[in-house]
Amino acid sequence: MLIMRILVQRISEAWVDIEGRATPRVGAGMLALVGFRRGDHAAQLGPMAAKLLGLRIFDDETGRINRSLADIAGDLVLVSQFTLYADLRHGRRPGFDQAMHPEAARGLFDAFVDACRQDVPRLVTGSFGASMALHLTNQGPLTLLLDSDELKIHPPVSP
C-alpha cells in the first residue's frame, strides 16, 4: 500500500532554524511535516497539495472553522519528515524501513513544494536531510494527519 503522509498544524507564526540559520518568519497559516513511504509516486502530489491547501481549518468571521489557507492569504511552511513512518510495533527503538530512500524522497518533496508554491504566495521550507529546529506557535491547538490512503489518493495502477 502506498501512503503519503502529512502532519498539519495551524500556526500563528513559525520559522525553521537550519544548522544555525533561520528561515524567514511566517505569520498565520500552516506548518506541514511531509513524509513519503517506499513506493510513493508523483501522481499523489497534486491531489495531496490540493487537499492540504483546501483544508478549511481557519476561523471565519463568526469563529467557525470554515476558511482555507487561500481564504486567509496564509503562509505555509513545509518540512520533510521521514519519521512519520516510524514503526513502533516492536521494542522501544523506532524502525524506519517503510520510509522512502532519501534521494527518491528528496525529489518527491521538491515536486510537492513546487505543487504547493503555485497557490501559496509565501512558502518557506526546511532543508532536506539537515539538522533543523522548528519554532512554531500552534494556533488552537489544531493538528491533523492527512494520509493519502485514507483519502483514496493513489498512484495509477500499471497494466
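The basis for the numbers below is simple: all heavy atoms, side chains too, and nothing from hydrogens, waters or symmetry mates.
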Find out if a path of hydrophobic residues (ILVMFWY) with successive side-chain heavy-atom gaps under 4.5 Å connects L31 to I18. yes

Nearest non-hydrogen partners of F109 and V79, listed with the distance: CE1-C, 3.8 Å

If every non-hydrogen atom of L146 is compared with every non-hydrogen atom of K51, which pair is closest and at what distance? CD2-CG, 4.2 Å

Is there a chain of hydrophobic side chains (I, L, V, M, F, W, Y, each step under 4.5 Å between heavy atoms) that links M48 to F82? no

Do Y85 and F96 make the cut of ring centroids closer than 6.0 angstrom? no

Looking at Q44 and S148, what are the two nearest heavy atoms and their distance? NE2-OG, 3.2 Å

Would you check if the side chain of D75 reaches a backbone N or O of G29 as a donor-acceptor pair within less than 3.5 Å? no

Test of understanding: clusters of I, L, V, M, F, W, Y form through side-chain heavy atoms closer than 4.5 Å, transitively. Do L145 and V77 belong to the same one? yes

So which heavy atom on L55 is nearest to which on L144, and how close? CD1-CD1, 4.3 Å

May I ask whether W15 and V8 are part of the same hydrophobic cluster, defined by side-chain heavy atoms of I, L, V, M, F, W, Y residues being less than 4.5 angstrom apart, directly or through others? no

Under 3.5 Å, is there a donor-acceptor pair between the side chain of S68 and the main chain of D71? yes

Smallest heavy-atom separation, V120 atom then G74 atom, equals CG1-O, 4.0 Å

Please examine the side chains of F58 and I65, heavy atoms only from C-beta on, and report whether any two atoms are closer than 4.5 Å. no

Would you compute the distance between atom CZ of R25 and atom CG of L136 and round it to the nearest 0.5 angstrom? 12.0 Å

In Å, rounded to the nearest 0.5 Å, how long is the span from CG of L33 to CG of L78? 9.5 Å

Step-by-step side chain to side chain contact (heavy atoms under 4.5 Å, CB included) determination, F112 to V34: CA-CA 9 Å; F112 185 71; V34 181; 3.9 Å; yes

Near R122 CZ, under 6.0 Å, is it more than 12 heavy atoms from other residues, nucleotides or ligands? yes

Among residues at least two apart in sequence or on other chains, which ones pass ring pair (Phe, Tyr, Trp, His ring centres under 6.0 Å) with F128? none

Listed once per pair and sorted, the salt bridge (Lys or Arg N to Asp or Glu O under 4.0 Å) pairs that draw on residues 90-116, sequence neighbours left out: E103-R106

Nearest heavy-atom contact between L45 and A111 is CD1-CB, 3.5 Å

Contacts of R67 that satisfy salt bridge (charged side-chain N to carboxylate O under 4.0 Å, His left out) - sequence neighbours left out: none

Value rounded to 0.5 Å, distance of CG in D59 from CG in N66: 9.5 Å

Atom pair CG/CE of L7 and M30 - distance to nearest 0.5 Å: 12.0 Å

Could you go through the side chain to side chain donor-acceptor pair (under 3.5 Å) check for S131 and E19 one step at a time? CA-CA 6 Å; S131 177; E19 298 175 348; 5.7 Å; no

Are the side chain of R5 and the backbone of L84 linked by a donor-acceptor contact shorter than 3.5 Å? yes

Nearest 0.5 Å please: distance from the CD atom of Q118 over to the CG atom of L53. 10.0 Å

Decide whether Q139 and R10 meet the rule of one side-chain donor and one side-chain acceptor closer than 3.5 Å. no

Less than 4.5 Å apart, side chain to side chain, heavy atoms only: is that true for V16 and L134? yes

Rounded to the nearest 0.5 Å, what's the gap from CG on L76 to CG on L52? Could you check? 6.0 Å

Output yes when a side-chain donor or acceptor of D17 lies under 3.5 Å from a complementary backbone atom of G20, and no otherwise. no

